[in-house]
Amino acid sequence: MTVLVTGGAGYIGSHMVRALVEAAERVVVIDNLSTGFSNFLPESVPLFIGDAADENLVEDVINSHQIESIIHFAGSVVVPESMRDPLAYYRNNTMTTRSLLNVAVKCKINRFIFSSTAAVYGNPDQVPVPETAPTRPMSPYGSSKLMTEIMLHDVATAHGMNYVVLRYFNVAGADPLVRIGLATVGATHLLKIAVEAATGQRARIDVFGTDYPTPDGSCIRDFIHVSDLAQAHRAALSYLRNGGCSTTLNCGYGRGYSVLETIEAVRRVSRRNFAVQYAARRPGDIMTMVADTKRIRSTLDWAPQYDDLESIAAHALAWEEKLFRERNGESQQTASA
Ligand code: UDP
């Protein structure tokens with residue numbers, strides 16, 4: 001029996017694929033490589049280059065590989081982009097999942113794990129945020145994921161499917177063995193920007209807002225290491241295989257770090273005192289986002305290994321240094337060719 005991972009060549013999906021392979025699972029990937037990289041996959045893993053919305057492709061893959069579970073990562077994830085082009089998000093996230101579920105139902109797949117986001121909560125009334133908090137997304141990205149959650153719930157109820165929805169908080173870090181990591185050019189995430197500054201690829205980092213009513217005035221986030229997140233998916237798969245009921249789980253550590261603390265952690269692990277500039281608040285930012293993790297800890301057999309900001313920062317930095325060397329090496333080769 002084999003697990004189908006959509007978006008398995010992307011940042012989080014590729015960590016998932018590695019975790020499954022290391023656990024001796026059989027895996028196949030569908031990825032359109034719009035933001036993924038085929039060389040992020042181990043050679044043993046079949047990659048079908050195409051869209052998770054392509055029902056014929058998905059049906060062929062399911063039937064030819066005896067798929068028993070689907071872990072669905074494929075989708076678009078950039079909040080400001082979703083503001084500019086909401087229909088792309090409703091297509092890539094909501095409609096794609098509708099197509100995928102249509103085939104899943106047809107092929108009688110009864111285990112489904114879905115990548116959702118803390119963005120479904122919008123501005124929370126209380127932190128840490130429990131899964132029962134009101135969902136009030138503030139972007140088409142968050143709405144497209146929430147709509148998918150609702151659809152998945154209805155489909156599962158009607159067709160005897162069991163699912164786990166994982167609502168990710170701030171995913172960061174990279175494979176501790178530095179094989180894969182976040183390689184998107186122009187990424188806007190705090191830790192990525194900070195390690196780009198630490199490796200000299202940026203002159204400085206801007207802190208968006210230092211006048212929030214938080215202890216140091218900057219926003220607070222709950223960072224989860226991408227490898228721990230992959231292990232949470234593995235635990236969710238075991239949970240479903242053991243007959244677990246459908247559920248929705250926050251994925252974070254339940255601990256918040258401020259933007260300034262995060263930048264300091266990168267300065268410490270890199271030993272580089274890159275420039276930090278205080279800037280205006282970024283429109284739409286939520287002040288404090290921290291997961292209530294009681295439910296995930298009581299539901300899944302999951303013990304995070306990297307619940308520590310310095311490890312996350314160190315792995316993100318090691319990956320960024322490797323990426324920088326590779327890109328520089330390549331450009332030098334091109335220049336001398
Ligand atoms: N942030 C910052 N400078 C940057 C990038 C991000 O100060 O160059 C802040 C951002 O304003 C937010 C936090 O870091 O308060 C996390 O932002 P990110 O985009 O990483 O994730 P989000 O929580 O918005 O999904």
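Counting starts at 1 for both ligands and their atoms, following the listed order. Just the heavy atoms: all of them, side chains too, but no hydrogens, waters or symmetry mates, feed the values below. Keep in mind the model is a prediction, meaning the values are calculated, not measured.
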Self-check item: Ligand-residue contact atoms, ligand 1 with V207, heavy atoms, under 4.0 Å
Solution: 7 (O)
Quiz prompt | Contacting atoms of ligand 1, where contact means under 4.0 angstrom from a heavy atom of V259 | solution = 7 (O), 9 (C), 13 (C), 14 (O), 15 (O)
Under 4.0 Å, heavy atoms only, figure out whether ligand 1 is touched by the backbone of [X], its side chain, both or neither.
X    : result
L190 : both
R221 : side chain
I286 : neither

Among all protein non-hydrogen atoms, which one is nearest to [atom], and what is the separation to 0.1 Å?
atom                    : value
atom 21 (O) of ligand 1 : N170 ND2, 3.2 Å
atom 5 (C) of ligand 1  : T188 O, 3.6 Å
atom 11 (O) of ligand 1 : D285 OD2, 2.4 Å

Output yes when [X] and [Y] qualify as a salt bridge under the 4.0 Å nitrogen-oxygen rule, no when they do not.
X    : Y    : value
R267 : E264 : yes
E25  : R234 : no
D51  : R91  : no

Quiz item: Of the listed options (T262, D206, L260, V78), which comes nearest to atom 8 (O) of ligand 1 when hydrogens are ignored and any heavy atom counts?
Solution: D206
N/O to N/O below 3.5 Å, does that happen between [X] and ligand 1?
X    : value
C219 : no
R282 : yes
F208 : yes

Quiz item: According to the interplanar angle, ranging from 0 to 90°, do the rings of Y253 and W302 count as parallel (below 30°), tilted (30 to 60°) or perpendicular (above 60°)?
Solution: parallel
Quiz item: According to the interplanar angle, ranging from 0 to 90°, do the rings of Y89 and Y141 count as parallel (below 30°), tilted (30 to 60°) or perpendicular (above 60°)?
Solution: perpendicular
Exercise. Check each of R327, R204, R202 against E196 using the salt bridge (Lys or Arg N to Asp or Glu O under 4.0 Å) test, and report the only one that passes.
Key: R202
Quiz item: Is the side chain of H225 donor-acceptor paired with the backbone N or O of S227 at a distance under 3.5 Å, no angle test?
Solution: yes
Quiz item: Side chains of T6 and H72: do they bring a donor and an acceptor to under 3.5 Å?
Solution: yes
